[in-house]
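A short write-up of the structure that comes next.
Because only heavy atoms are used, hydrogens play no part in the values below, and waters and symmetry mates are left out as well, while side chains stay in. This is a predicted model, so every value here is computed, not measured. So that the names make sense, note that chain A is the first sequence line, chain B the second, and so on, each numbered from 1.
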Amino acid sequence: MYAENIMDHFNSPRNSGEVKDPDIKHKEFNPFCGDQIELTVKLRNGKEIQEIKFQGKGCSISQASASMLTEIVKNKNIEEVKKLTKEDILDLLNIPIGPVRMKCALLALDTLQNGIKIYEQYTKKK
Amino acid sequence: MYAENIMDHFNSPRNSGEVKDPDIKHKEFNPFCGDQIELTVKLRNGKEIQEIKFQGKGCSISQASASMLTEIVKNKNIEEVKKLTKEDILDLLNIPIGPVRMKCALLALDTLQNGIKIYEQYTKKK
Amino acid sequence: MLIDEIRNDFPILKRKVNGKPLVYLDNAATSQKPKQVIDAIKNFYETQNANIHRGIHQLSEESTEAFERSREKVAKFISAKPEQIIFTKNTTESINTIAYGYGLKNIKKGDEILTTVMEHHSNFLPWQLVKKHTGATLKIADITDDGLLKMNHLEKLATKKTKLVAVTQVSNVLGTINPVKEISEIAQKNNSLFLVDGAQAAPHMPVDVKKTGCDFYAFSSHKMLGPTGIGVLYIKDPDKVDPFLVGGGTIKEVYTDKEAVWHDSPWKFEGGTPDVSGVIGFGATVDYLNKIGMEKIRKHEEEITKYALDKLLKIKNITIYGPMDHRLRGAVIAFNIGGIHPHDVAAILDSEGIAVRPGHACCKPLMSRLDILAMCRASFYIYNTKNEADVLVSGLEKVNKIFKR
Amino acid sequence: MLIDEIRNDFPILKRKVNGKPLVYLDNAATSQKPKQVIDAIKNFYETQNANIHRGIHQLSEESTEAFERSREKVAKFISAKPEQIIFTKNTTESINTIAYGYGLKNIKKGDEILTTVMEHHSNFLPWQLVKKHTGATLKIADITDDGLLKMNHLEKLATKKTKLVAVTQVSNVLGTINPVKEISEIAQKNNSLFLVDGAQAAPHMPVDVKKTGCDFYAFSSHKMLGPTGIGVLYIKDPDKVDPFLVGGGTIKEVYTDKEAVWHDSPWKFEGGTPDVSGVIGFGATVDYLNKIGMEKIRKHEEEITKYALDKLLKIKNITIYGPMDHRLRGAVIAFNIGGIHPHDVAAILDSEGIAVRPGHACCKPLMSRLDILAMCRASFYIYNTKNEADVLVSGLEKVNKIFKR
Ligand SMILES: Cc1ncc(COP(=O)(O)O)c(C=O)c1O
Ligand SMILES: Cc1ncc(COP(=O)(O)O)c(C=O)c1O
C-alpha cells in the first residue's frame, strides 16, 4: 500500500493539464468519493494518441493511475487503448486494490475509453 | 388438551340461543380465525344477570369457553362480572392455552364485558 | 444426497414437541434452516461484520464482496443479471416496491390491473392500494371448481387497457401451479407488464425469469431454507421503476435546492443499511439449494405430494382443496375435516408433534370463493419424509376420534 | 462491567487486520455484535424457528411469544408502549413509513416541512419526495460555524404552516447532540408533528420518547450491537398514520369489491413475514445494553471523546468538524488532514488495522455546507479504549509522514 511509485505519481503527476484543441475531451467522476478525472486527447490521423493530459482531483489511487495511464497510452493506437483492461491498470499500480477502491483505480481508464467511444460515435455520425 | 369437559361443552353447549328482549346484545369476533360469539343478556333490576344465551361459531375453545362462561355468570351482579379475569377463564377451561389461542379462549369474556360497558354508557346517557 | 443426510443438516429437526418428534409441515409459512446457513450468519458476525459499500477498511471490503457475491448467486439462481436483483425484506416489500415505484406513477384512471382470486394478500392489497390512489380498475380472474386458474376467464379480462398482470406462480393454499409462461404471452399481447409472485415457487422448483418472460419476480428467503428478513425483487428493466424507500445509498447527488440524482440499479432501490448478515446467509442458502438441485427438490416434493394426497383422501369427512393431480401442484395440501374448526385440528396435531397451519393463509378472497372461513394446511419440503405424511394421517384419524366423527 | 469483560463478549475484536489487532472505529456506520446476540439468533434457528402470529403449533407459539417479548423490551427501552413500536428493516424504512403513510396523505401544497442541513440522506430524501409529490415547501435550518444547530434560525423557519419537523438527535458527522426537547416545544407551539431521527442517539444515550415529546422516533438495531435488518419506528399515535407496506398480516378483512379493513397497530404496519430472528436477536441486544446501562455507555463515550479530541487536535494539518466540547457531542469525530484525500487516510489507517469511514457519510447537504467533498470519521462505542484512540493518533501521524506533510 502506498508504494513509492504511487506517491511519486501523486505528488508529481505526469501529463497534468489540458491539451489545446483536443479531439477528445471527456470527464468522469466517482460519485462515492468525489474523484474526478478530465482527459483531453489530441489524435494523430484520428487513430493514434498524439498527446494526452489530465486534470483531476481525488485520492492518490485515482490521480496516480491517471498519471500512469497517460504515460503508457501515448503513441498507442486507440484500438489498442480500447482493449486495455482492469488488469493492465492493476499491473501499473502494482499494489492490491480492494473492490471499493477499484472504482478509483479504474476511473482514468473508464474516462479514456468512454471518451474514445463518444468520439467514435460522433465522427461516425458525421 | 381437548379434555373431556371442553369436548362436552362444545358438543352440547349450555345456554345456546338467543334471549328474548335482551338488555344487552353484543357480538364480537376474532379476525385471525373467524371465531364469532354473540351474547344476549336479560338483566334483573339492571344489575344482575337473569338470563344469558350465546350464539356463535368457531373452534372448540371459543365455543366451550362461551358455554362455560354463561353457566357461571348467571345470577351474578354485573359488577362482579366486570371483574372476571383471563385467569378465571383459564381455570374454567383447565387446559394450557398458548398466546395464539388466548384470543379464542377470551372471546366470550371480552364480548360480555364489552357488552356491559356499552350497556352502561347507553343507560348513563339516558 | 440422501434424505437422512439432508435432515442431519437441520438442527431443529432433532427437537421434540410435546414429547413427540417434531413433524414440521408448515413450510409454506416458513422453512427451517440448515446449519450451513446458520453458520454463515454466525461466522459473518464473528469475523467480518461491517457496513457495506462506502467503506475502505478491510472488514467493509470483505462484507461488500460477500454481499455482492450473494447478489450474483441469487441472480444466477433465477437466470437474471445482478443489477436486476434488489434485496428487500420480504416478498411483500418486493411487491409494494412495484406498486409504489411503478404503479402509482404509471397507472392512471381508466387503466386496468389484472390479478386472480387465489392471490395472497401481499399480491392483492398493493393493487387495491394502486386502484384506490389512481382510480384504475382491478379485475380478478376466477378459478375452476378443482382449483385451477380459469385461463379463458383471465384471457377475456386482459385488454389493451391492462397495464399490469399480477399472478402467483404457485398458490399457497390450493398448491396450484399456474401457467406463467402462457400468462406472460397474454400480457405481452396487450403490452401489459407481468409480475409473478414467486414466494411459493422459487423455493420448490427451478425458476428462469427469462423463460417465464416476466417483468417482475418476487420471493422470500425465509421460505426457501434461508434467513428471515430477506426478500428478492427481480426487475427486468430497472429504469422503469422509481426509487421507493429513499435514503442512504440510493443517490449519486443530493442538493438542498433541487432534486437528487438517483444511483443506478440495484442501489437506487436499496435505501438504508441492508440486512447484510441476512443477504450473506441467503447466499449460503442458494449454494445449499444448488447442491441438492432444484429439479431434485421438485421431484421429491411431487412424490411426497402424490403419496400424501392418496392417503389423505381416504380420511373420513376430509375435503381437500386444489387440483388432485400432483403434477399440477406444489407440495401444499389444504383441507378441512367435517365441521371441525381448523384450530382444533391443528391443536390436536400439535399435541402429536405435527406442525400445520390453520386459518385463512392470508387469502381471504380465496376463502370467500371457496366459501369457507379457514382451512388447515400441511406443506412439505425437501427434508420431509413419507413417514411424516403417515404421521399426519394418523393425527387426523385421531382428530376424527376425539370429535366423535 | 469492566471494559475487558465487555470486549470479551465481542468475538470479532479478536480478529487481526493486516497483521495488526483490529481497532474498530466505524461504529457510526454499524456496530459489532456481542456473542449473546449472535447466540440468540443461532439458538432461535436451531430450536424455535417458525412464522409468527397465525400459527397454532408449538414452534409458532414460542416464536410469537419471543417476538412480542422483544417488542415489549424495545418499548420499555425508550419509554413507549408496545403498540407504538413498529419493526422495520432500518431507520430509512422507518422514516419512509412516515413520509408515505403520513406525509403524502396529510401534507399539502402551501404546507411546510422543516429539517436541518445536518441530516443524513435518510432523513432528507423522504422529505424531498413529499415536497415533490405534494408541492409543500422544504425549509432547512442552518448550523453555526462550530457545528451546532442554529436554534434561532430553526425557530424563525417554524411557522403555523409547518406540518412536520424532522431533525436528527445526534449528527452522524458533527457528533452534535441537538436539543430535541426544545425543538419539540417549538413544534408543539406551531401544532407541527415532530420526527426524531434517533439512529445515532438510541445506541449511545438514554432515550425517553415521552420526555422528548416527539411524535415519531426512528432508529436501527445494527448501530446498537444488534442484528442487521431491524429498524424501529415509534409512533405516538398510530391512528394518524396509514398502513404503508400492505400485505399479509396488515388486515382484519379483505374483500374483492371494497376496501380492506386494517388491523390495529403495530400489525397494520408490519406487512409480510417480519425478520423474526432479527427481532428476537434485537431483544437480546436490548437486554445486553440494559445490563451495561445506557448512562454508563454515555459516560464512557464522553470520556473517550474528550480524550481523543484532545489528542487529535495536536495532529499537524488536522481539521476537526463539530463542537469541541465533548458534553455537546456523541462519540463521532469527523476530520480531514491537510489536502490528503480521506480515502488515502482511511487506507493507510486500514494498513494499521484501524477501521474508520471516509466519504460523505450520506450527508451531502452538510458536506456542501462545510464546503468539503468528504471527510474521515472515527466513531467510538462501549468496547473502544483510550489505547485505541492512541493507535488512531499514531496512524494519523503516519499518514502525515507518508504524504510528507
Ligand atoms: C443520523 C442517521 N440517520 C439515519 C441513518 C440510516 O440508518 P440505516 O442505514 O440503518 O437506515 C444513519 C446511518 O447510516 C444515520 O447515521
Ligand atoms: C404466495 C405468497 N405470496 C406472498 C407471500 C408473502 O411473503 P412474505 O410474508 O415473505 O412477504 C406468501 C407467504 O406468506 C405467499 O405464500
Exercise for the section: Go through D/Thr256 and C/Arg369 one step at a time and tell me if the side-chain contact (heavy atoms from CB on, under 4.5 Å) criterion holds. Expected result: CA-CA 10 Å; D/Thr256 50; C/Arg369 172 63 180 79; over 6 Å; no
Exercise for the section: Enumerate by number any residue of residues 91-99 of chain D whose heavy atoms lie under 4.5 Å from heavy atoms of chain C; in the absence of such residues, state 'none'. Expected result: D/Thr92, D/Glu93, D/Asn96
Handout entry: Heavy-atom pair count under 4.5 Å with chain D, highest-scoring of C/Asn90, C/Val37, C/Ile230
Key = C/Asn90
Problem - Leading residue by heavy atom contact count with chain C [cutoff under 4.5 Å; candidates D/Lys14, D/His120, D/His222] - result: D/His222
Fill in the blank from the handout: Bottom line for C/Lys252: the part with an atom under 4.5 Å from chain D's heavy atoms is backbone
Practice task
Go through the atoms of C/Leu22 and report whether side chain, backbone, both or neither lie under 4.5 Å from a heavy atom of chain D.
Solution key: side chain
Practice task
Check the surroundings of atom NZ in C/Lys20: do more than 12 heavy atoms from other residues, nucleotides or ligands lie under 6.0 Å from it?
Solution key: yes
Handout entry: Segment of C/Trp262 engaging chain D (4.5 angstrom heavy-atom cut-off)
Key = side chain
Completion exercise
Ranking D/Asn123, D/Val254, D/Val356, D/Leu13 by heavy-atom pairs under 4.5 Å to chain C gives rank one to D/Val254
Practice task
Between chain D and each of C/Phe244, C/Tyr255, C/Phe124, count heavy-atom pairs under 4.5 Å; write down the option with the most.
Solution key: C/Phe244
Completion exercise
side chain to side chain donor-acceptor pair (under 3.5 Å) test vs C/His57 passes for just one of D/Asp26, D/Asp350, D/Asn18, namely D/Asp26
Practice task
Counting only heavy atoms closer than 4.5 Å, note whether C/Ser221 contacts chain D via side chain, backbone, both or neither.
Solution key: neither
Exercise for the section: With a 4.5 angstrom heavy-atom cut-off, could you sort out which part of D/Lys105 is near chain C: side chain, backbone, both or neither? Expected result: neither
Completion exercise
Correct closest heavy-atom pair for D/Lys89 and C/Phe87 would be NZ-O, 4.1 Å
Handout entry: Proximal component of C/Ser368, with respect to chain D [non-hydrogen, under 4.5 Å]
Key = neither
Problem - Under 4.5 Å from any heavy atom of chain C - which part of D/Leu245 - result: both
Problem - Region of C/Pro126 in contact with chain D, defined by heavy-atom distances below 4.5 Å - result: both
Problem - Residue D/Pro227 versus chain C: region with a heavy atom under 4.5 Å - result: both
Handout entry: Nearest non-hydrogen partners of C/Gln48 and D/Ile12, listed with the distance
Key = N-CD1, 3.6 Å
Completion exercise
Heavy-atom nearest pair, C/Ala260 first then D/Gln128, reads N-OE1, 4.1 Å
Problem - Atom of C/Cys362, atom of D/Gly249 and distance for their closest heavy-atom approach - result: SG-N, 4.1 Å
Problem - Atom group of C/Val279 that falls short of 4.5 Å from chain D, counting heavy atoms - result: neither
Practice task
Measure across C/His121 and D/Ile251 and return the closest heavy-atom pair with its distance rounded to 0.1 Å.
Solution key: CE1-CD1, 3.5 Å
Handout entry: Shortest non-hydrogen contact from D/Gln32 toward C/Tyr45
Key = OE1-O, 4.4 Å
Practice task
Output the option from C/Thr88, C/Val117, C/Thr30 having the highest count of non-hydrogen pairs under 4.5 Å with chain D.
Solution key: C/Thr30
Handout entry: Short side-chain to backbone donor-acceptor contact, D/Thr228 and C/Ser277, under 3.5 Å
Key = yes
Problem - Max heavy-atom pair count under 4.5 Å with chain D, selected residue of C/Val17, C/Ile38, C/Asn49 - result: C/Asn49
Completion exercise
Ranking C/Lys35, C/Glu253, C/His133, C/Lys131 by heavy-atom pairs under 4.5 Å to chain D gives rank one to C/Glu253
Problem - Side chain / backbone / both / neither for D/Lys42 at chain C, heavy atoms under 4.5 Å - result: both
Completion exercise
Under 4.5 Å to a heavy atom of chain C? For D/Glu62 that would be side chain
Handout entry: Atom group of C/Lys258 that falls short of 4.5 Å from chain D, counting heavy atoms
Key = backbone
Practice task
Find the one option among C/Asp39, C/Val276, C/Leu59, C/Ile140 whose heavy-atom pairs under 4.5 Å with chain D are most numerous.
Solution key: C/Leu59
